[in-house]
Amino acid sequence: MSTIKPEDFFKNIISHCKEYGFIFQSSEIYDGLSAVYDYGQMGAELKKNIRDYWWKAMVQIHENIVGIDAAIFMHPTTWKASGHVDAFNDPLIDNKDSKKRYRADVLIEEHVAKIEDKINKEVEKAAKRFENFDADMFRSTNARVKEYQDKIDSINIRFKMALNANNLDEVKQIILDLEIVCPISGTKNWTDVRQFNLMFNTSTGAVTDESNIIYLRPETAQGIFVNYLNVQKTGRMKLPFGIAQTGKAFRNEIVARQFIFRMREFEQMEMQFFVKPGTEMDWYEYWKKARLNWHLSLGLGAEKYRYHDHLKLAHYANAACDIEHQFPFGFKELEGIHSRTDFDLKQHQEFSGKKLQYFDSETNESYVPYVVETSVGLDRLFLSVLASSLKEEALEGGDSRTVLNLPPALAPYKAAVFPLVKKDGLPELAESIMKDLKFDFMVAYDEKDTVGKRYRRQDAIGTPFCITVDHQSLEDKTVTIRHRDTMKQDRVAIADLHKILTEKTSINSLLRAL
RNA sequence: GCGAAAGUAGCUCAAUUGGUAGAGCUCCAGCCUUCCAAGCUGGAGGUUGCGGGUUCGAGACCCGUCUUUCGCUCCA
């Protein structure tokens with residue numbers, strides 16, 4: 001594997017995902033949809049197991065954290081309050097020569113500002129010439145100034161109409177008509193104006209108009225903030241407490257790439273921890289450590305993780321860091337831990353007019369809690385687990401095998417049951433073992449091809465144990481159990497299988513180690 | 001979005017200067033087989049990503065388009 005270039009290794013991962021039913025490109029028969037992927041029969045199991053482990057680690061073993069499942073659709077005002085509407089609705093235009101991107105509205109506004117400068121200069125000049133100078137009178141009477149002002153007004157009216165009509169061609173035409181040039185290249189070689197909406201939108205009701213536009217949430221966090229009071233009151237939650245949820249979020253990324261690392265539709269697993277103001281930095285540090293521990297518990301290798309503290313903070317945060325993972329294409333963000341202050345709850349208080357406070361019976365005061373957020377991308381986590389597990393292993397005798405060293409608790413199948421040969425009653429016994437185990441474990445059954453081939457097939461999808469029924473099994477009720485990572489076999493009693501699998505493959509063992 | 005590379009069976013890849021789309025693996029049905037992908041027989045699977053064009057003839061050449069990867073750019 002050392003000879004494989006990272007780029008090729010990444011390609012191997014992608015084709016392995018397809019070949020063994022982990023991930024398919026969305027709508028592949030129609031040439032696919034850019035940056036959207038589907039999870040296949042193996043991927044769905046692996047993803048579900050990762051999600052379950054997270055949920056148990058965050059919700060189930062913390063008495064002061066509860067889980068919710070908020071809708072993807074939210075009241076449009078939510079996104080005004082959160083700041084998403086204002087920050088990500090820009091019409092953008094590129095200069096083809098300098099390759100620089102500008103906000104079209106800013107270009108036009110700057111052009112208008114230049115004309116205003118000219119007016120101001122005229123006014124200044126006139127002020128020097130005349131005594132008892134009346135600036136307002138001058139502005140409304142001077143022919144040259146009036147000409148400038150008319151120009152500004154007509155640009156503004158035209159621009160406003162174009163924006164309201166969402167007519168981006170007209171916006172471009174304005175830029176061309178005004179002969180605005182790129183400050184860097186000095187040319188007028190512009191692309192079309194495009195609206196880069198971070199948020200996808202659709203509409204409710206049968207009639208589409210501005211008033212019933214509804215967004216697909218670009219982050220899941222707001223579903224928790226708007227439910228803060230509901231949960232706190234009905235759950236009788238006391239600070240500090242957390243609300244967790246997993247769910248889909250949607251971002252219309254300009255550039256969405258690197259397989260499932262950056263998708264337009266993705267799944268977040270996040271927890272908002274509400275704390276007393278002033279204690280947030282302690283909790284921030286606490287969750288930073290706790291979340292890294294969780295990642296380390298997967299056993300993919302401690303050297304693959306690192307913190308990345310944010311120096312530049314978002315407007316809502318007073319501390320932020322990423323837990324980065326070493327993907328095949330370098331260290332990239334896997335999870336974010338943010339101290340979000342009381343920004344979100346305060347914004348929702350303001351926009352909704354509803355108080356979102358906590359009454360602290362110890363100090364007899366009400367306040368808006370501070371929030372520490374942990375937010376991890378499930379798809380990225382999936383990729384990190386898969387990429388770190390996939391190995392091309394050299395065996396004795398020059399042979400090699402492809403093996404997926406998944407943490408057993410996350411593996412799609414916990415075990416596969418094989419009859420050593422397809423006769424002499426071995427298949428019947430093997431099937432009865434499988435039928436007994438399947439109520440508690442995902443178990444595969446295979447009798448096709450040589451047993452060695454079947455072992456390799458299970459290696460490739462990460463099944464940690466293969467149970468083989470041989471002739472001895474018929475006599476003494478024992479089977480061999482073969483370990484994926486070592487390829488070693490033990491002979492065990494059929495009656496003990498259940499206990500062994502529980503011990504080695506349950507999520508509990510990971511949870512207890514946290 | 002710009003630039004580069006690529007797209008042929010489920011996978012990995014062939015197909016001579018433009019001349020009948022093929023192999024290995026996989027998969028399926030059997031046979032054989034007492035533990036790590038390697039035996040035998042038969043079978044399935046393709047409008048060469050898609051759409052145009054040039055040509056007597058295009059998987060190959062040209063144009064467009066879609067998708068993917070890489071670099072830049074962007075990124076709460």
Side-chain angles (χ1 to χ4, degrees), chain A residues 5-21 24-37 40 82-84 86-88 90 92-101 190-192 194 196 198 218-219 221 249 251-259 261-262 310 312-317 320 322 328-329 332-333 336 338 340 343-344 373 375 393 395-397 399-403 418-424 426 448-460 466-474 479-484 486-489 491:
Chain A
K5 285 183 290 181
E7 192 182 319
D8 292 336
F9 179 57
F10 190 41
K11 281 186 179 162
N12 284 349
I13 291 167
I14 294 167
S15 56
H16 192 88
C17 279
K18 186 184 175 191
E19 187 166 0
Y20 291 95
F24 307 121
Q25 193 178 9
S26 165
S27 324
E28 197 185 1
I29 61 169
Y30 292 108
D31 287 337
L33 185 61
S34 180
V36 184
Y37 292 90
S82 70
H84 285 84
D86 290 337
F88 286 96
D90 307 329
L92 299 178
I93 189 167
D94 291 12
N95 183 275
K96 289 180 188 167
D97 298 314
S98 66
K99 313 257 184 243
K100 285 288 161 194
R101 175 168 296 158
W190 296 106
T191 63
D192 288 341
R194 289 147 310 189
F196 283 102
L198 174 83
E219 63 174 30
R251 286 186 200 171
N252 199 1
E253 302 280 355
I254 298 168
V255 177
R257 269 205 307 222
Q258 283 166 320
F259 197 36
F261 183 79
R262 179 166 291 134
H310 288 204
K312 241 176 75 184
L313 295 171
H315 60 265
Y316 57 72
D322 296 337
F329 40 85
K332 299 277 180 184
E333 178 185 354
H338 299 161
R340 293 180 77 125
F343 176 84
D344 298 278
E373 167 192 76
S375 174
E393 214 173 68
L395 301 176
E396 288 171 35
D399 216 0
S400 72
R401 65 164 182 161
T402 302
V403 58
F418 306 148
L420 183 58
V421 290
K422 202 168 33 173
K423 59 181 184 185
D424 305 335
L426 298 187
K448 173 88 183 153
D449 297 311
T450 64
V451 72
K453 214 169 197 176
R454 284 176 267 164
Y455 288 145
R456 299 300 174 84
R457 274 205 285 265
Q458 296 301 323
D459 286 343
C466 291
I467 296 159
T468 303
V469 173
D470 55 18
H471 291 92
Q472 189 182 332
S473 307
L474 299 172
V479 291
T480 61
I481 183 162
R482 180 254 194 195
H483 299 250
R484 176 194 65 197
T486 60
M487 298 170 69
K488 297 253 166 60
Q489 286 174 290
R491 184 161 283 277

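This is a predicted model, so every value here is computed, not measured. Numbers restart at 1 for each chain; the letters A, B, ... are given by sequence-line order, proteins then strands.
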### Message
Run the ring pair (Phe, Tyr, Trp, His ring centres under 6.0 Å) test against A/Y20 and tell me which residues pass, sequence neighbours left out.
### Response
A/H16
### Message
Measuring to OP1 and OP2 of B/C66, would you say a side-chain N or O of A/S34 lies under 4.0 angstrom away?
### Response
no
### Task
Determine the contact category for A/Q25: base if any of its heavy atoms lies under 4.0 Å from a base atom, sugar-phosphate if only primed atoms, P, OP1 or OP2 are that close, otherwise nothing.
sugar-phosphate
### Query
Going 5' to 3' along nucleotides 40-46 of chain B, which nucleotides have protein heavy atoms under 4.0 Å from the base (write B), which only from the sugar-phosphate (write S), and which from neither (write -)?
-------
### Message
A/H471: which residues meet the ring pair (Phe, Tyr, Trp, His ring centres under 6.0 Å) condition with it, sequence neighbours left out?
### Response
none
### Query
A/R456 has a side chain; which of B/C70, B/U67, B/A37 sits nearest to it?
B/A37
### Query
If you check the A/M487 side chain, which of B/C70, B/A37, B/C36 turns out closest?
B/C36
Which protein N or O atoms sit under 3.5 Å from an N or O of nucleotides 5-13 of chain B?
from	atom 1	to	atom 2	distance (Å)
B/C11	OP1	A/K18	NZ	2.8

### Query
Nucleotide by nucleotide, 5' to 3', does protein get under 4.0 Å of the base (B), only the sugar-phosphate (S), or neither (-) in nucleotides 27-35 of chain B, counting heavy atoms?
SS----BBB
### For A/E28, all residues meeting side chain to side chain donor-acceptor pair (under 3.5 Å), sequence neighbours excluded
A/K18
### Task
Indicate, with a heavy-atom threshold strictly under 4.0 Å, whether A/A35 touches base, sugar-phosphate, or nothing.
sugar-phosphate
### Summary
The answer to which of A/R401 and A/Y30 contacts RNA chain B further toward the 5' end, by nearest nucleotide, is A/R401
